[in-house]
Colleague: 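Mind having a look at this structure? Questions to follow.
Count residues from 1 along the sequence. Each ligand, and each atom within it, is numbered from 1 in the order the structure gives.
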Amino acid sequence: MKFVKFAFLTIAVIAIVFSCKRDDDPVAFAELRDRGEQQIEDDAALVAFLSTHFYNYEDFDLVNPESPANDAVRVSFDTIAGVNADKTPLINQVEVRTTTFQDVEYKYYVLKVREGGGESYTSFDQVDLVYHGQLLDLETFDLRLTQIQIPLVSAAASTVRGFQLGLPEFKTAENIVEDENGFLQPRNGGIGAIFLPSGLGYFNLIEPGIPEYSPLIFSFNLFDVVYLDIEPDGLLSSMEDLDNDNDVSNDDTDGDGFPDFRDSDDDGDGTPTINEVELNVYTVNPGEMEPTYAANEIVKTRDTDSDGVTTISTVVLTDTDGDGIPDYLDAN
Ligand SMILES: [Ca+2]
Ligand SMILES: [Ca+2]
Ligand SMILES: [Ca+2]
Ligand SMILES: [Ca+2]
């Protein structure tokens, strides 16, 4: 479900979670360390943090996570000490995830306060959220209190790997409602945090406020998603991860150095991809039957408006010579 965003909520700023920089930006790197050794150190630091800190779980209605009372509550952290000595440590509440990145086995941690009742998305889409980025000493390196739209992977820049992996575990808001002050508020969006080793963060890259080899904490409230088609060629970026390894940077059908998700002619045969697929848009009124799709027709997006009218956008991967390779990937 798409909702209208007010202009004041859509402040377009480049967030610090982009790890790739423009060519004219100065980039500073610290001396390169061994990824495997750094990971051992980072995981120990993360476990120590999670064992000695708690989050504001008492501010949330965890009996009814979908309660509107949770919608505007942000996750925050504090040390287990003094009057907070009896709090439950994060280590008892997070979920452990593993992933292989740059040939190293990484662990990161996910705190799911609420999964969210809206749409799912992939590591290659654009999320709309508020977030707080902190170091393990709880120093803030980035804070977005108004909604910001961040492409997890785009042609020019990508978020850190841990962000790409962690965010899609949460869903967007289910819908939007007007609050008592007349402002539109997202309802039942994902709320949580991710705790990342430096190897899934900036590693040896030195960013403002982020020393090299810093584990990172991001806490966030999810609102909306845009399914990205970067070039655009009619195929969502998420459809261009041909080997299904959750990485679109290594799928380059014609081997020209431009991965398919930002190559407007994937097979390099001189005919743009968008001319080698068939794009359809269907409008389904309430009570009407869904269209019957072709065998090689893929639904890209489905939006239902407030009148119950659903707009479905699809792409047909035509295969003219019937050899099993769709035309856009078939240079012959
Ligand atoms: Ca595309
Ligand atoms: Ca891939
Ligand atoms: Ca290519
Ligand atoms: Ca082509």
Colleague: To 10°, measure the OD1(Asp252)-the Ca ion (ligand 3)-O(Phe258) angle for me.
Modeller: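 Approximately 80° at the metal, rounded to tens of degrees.
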
Colleague: Heavy atoms, side chains only, cut-off 4.5 Å: are Ile191 and Val75 in contact?
Modeller: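 Contact flag for Ile191/Val75 side chains = yes.
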
Colleague: Closer than 3.0 Å to the Ca ion (ligand 3), do we get an N, O or S atom from Asp265, backbone or side chain?
Modeller: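 No - counting backbone and side chain alike, Asp265 has no N, O or S atom under 3.0 Å.
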
Colleague: Which N, O or S atom name in Asp269 marks its closest approach to the Ca ion (ligand 4)?
Modeller: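 Restricting Asp269 to its N, O and S atoms, the minimum distance to the Ca ion (ligand 4) goes to OD1.
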
Colleague: Between Phe77, Tyr106, Tyr108, Phe163, which is the residue that forms a ring pair (Phe, Tyr, Trp, His ring centres under 6.0 Å) with Phe195?
Modeller: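 The option that passes is Phe77.
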
Colleague: Check whether any N, O or S atom of Gly255 sits under 3.0 Å from the Ca ion (ligand 3).
Modeller: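 So Gly255 does not bind the Ca ion (ligand 3) by this criterion.
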
Colleague: Under a 4.0 Å N-O cut-off, is there an ion pair linking Asp61 with Arg114?
Modeller: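 Salt bridge between Asp61 and Arg114, a charged N being under 4.0 Å from a carboxylate O: no.
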
Colleague: Could Lys87 and Glu58 be called an ion pair, given the rule that one side-chain N must be under 4.0 Å from one carboxylate O?
Modeller: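 Between Glu58 and Lys87 there is a salt bridge, with a charged N closer than 4.0 Å to a carboxylate O.
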
Colleague: Please confirm if an N, O or S atom belonging to Asp260, backbone or side chain, lies less than 3.0 Å from the Ca ion (ligand 3).
Modeller: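 No, since none of the N, O or S atoms of Asp260 sits under 3.0 Å from the Ca ion (ligand 3).
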
Colleague: When you measure from the Ca ion (ligand 4) to each N, O or S atom of Asp267, which atom gives the shortest distance?
Modeller: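 Per the distance ranking, Asp267 contributes OD1 as its closest N/O/S atom to the Ca ion (ligand 4).
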
Colleague: Can you tell me, to 10 degrees, how wide the angle at the Ca ion (ligand 1) is between OE1 on Glu231 and OE2 on Glu240?
Modeller: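 Rounding to the nearest 10 degrees gives 110°.
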
Colleague: If you look at Asp254, which of its N/O/S atoms is nearest to the Ca ion (ligand 3)?
Modeller: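 Restricting Asp254 to its N, O and S atoms, the minimum distance to the Ca ion (ligand 3) goes to OD1.
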
Colleague: For the pair Arg97 and Glu95, find out whether any cationic side-chain nitrogen is under 4.0 Å from an anionic carboxylate oxygen.
Modeller: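 Salt bridge between Arg97 and Glu95, a charged N being under 4.0 Å from a carboxylate O: yes.
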
Colleague: Is Leu235 close enough to the Ca ion (ligand 1) that one of its N, O or S atoms comes in under 3.0 Å?
Modeller: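 For Leu235, the answer is yes, given that an N, O or S atom comes within less than 3.0 Å of the Ca ion (ligand 1).
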
Colleague: Hey, which N, O or S atom on Glu276 ends up closest to the Ca ion (ligand 4)?
Modeller: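 Glu276's closest N, O or S atom to the Ca ion (ligand 4) is named OE2.
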
Colleague: With ring pair (Phe, Tyr, Trp, His ring centres under 6.0 Å) as the criterion, how do Tyr213 and Phe203 come out once you've worked through the C-alpha distance, each side chain's angles and the decisive distance to 0.1 Å?
Modeller: CA-CA 5 Å; Tyr213 304 111; Phe203 203 54; 5.1 Å; yes

Colleague: Checking only N/O/S atoms, does Thr271 have one that is under 3.0 Å from the Ca ion (ligand 4)?
Modeller: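 Here the distance criterion (N, O or S atom, under 3.0 Å) is met by Thr271, so yes.
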
Colleague: So, Asp266 and the Ca ion (ligand 3): N/O/S under 3.0 Å, yes or no?
Modeller: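 No N, O or S atom of Asp266 is closer than 3.0 Å to the Ca ion (ligand 3), so no.
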
Colleague: Could you check, using the six-membered ring where one of them is a Trp, whether Tyr109 and Phe49 have ring centers closer than 6.0 angstrom?
Modeller: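 When the ring centroids of Tyr109 and Phe49 are compared, they turn out to be at least 6.0 Å apart.
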
Colleague: Hydrophobic cluster membership, with links at side-chain heavy-atom distances under 4.5 Å among I/L/V/M/F/W/Y: are Met239 and Tyr121 in one?
Modeller: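 Yes, it is one cluster - the side chains of Met239 and Tyr121 are joined through contacts under 4.5 Å.
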
Colleague: Do the two ring centres, one from Phe141 and one from Phe218, sit under 6.0 Å apart?
Modeller: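 Centroid separation for Phe141 and Phe218: below 6.0 Å.
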
Colleague: Angle at the Ca ion (ligand 1): provide the value between OD1 of Asp233 and OD1 of Asp229, rounding to 10 degrees.
Modeller: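 The two atoms subtend 80° at the Ca ion (ligand 1).
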
Colleague: I'd like to know if Tyr131 and Val110 are part of one continuous hydrophobic network [Ile/Leu/Val/Met/Phe/Trp/Tyr, side-chain heavy atoms within less than 4.5 Å].
Modeller: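 Same hydrophobic cluster.
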
Colleague: State the atom name: nearest N, O or S atom of Asp256 to the Ca ion (ligand 3).
Modeller: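 Relative to the Ca ion (ligand 3), the closest nitrogen, oxygen or sulfur of Asp256 carries the name OD1.
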
Colleague: Output the atom name for the N/O/S atom of Asp263 with the smallest distance to the Ca ion (ligand 3).
Modeller: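 Closest to the Ca ion (ligand 3) among those atoms: OD2.
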
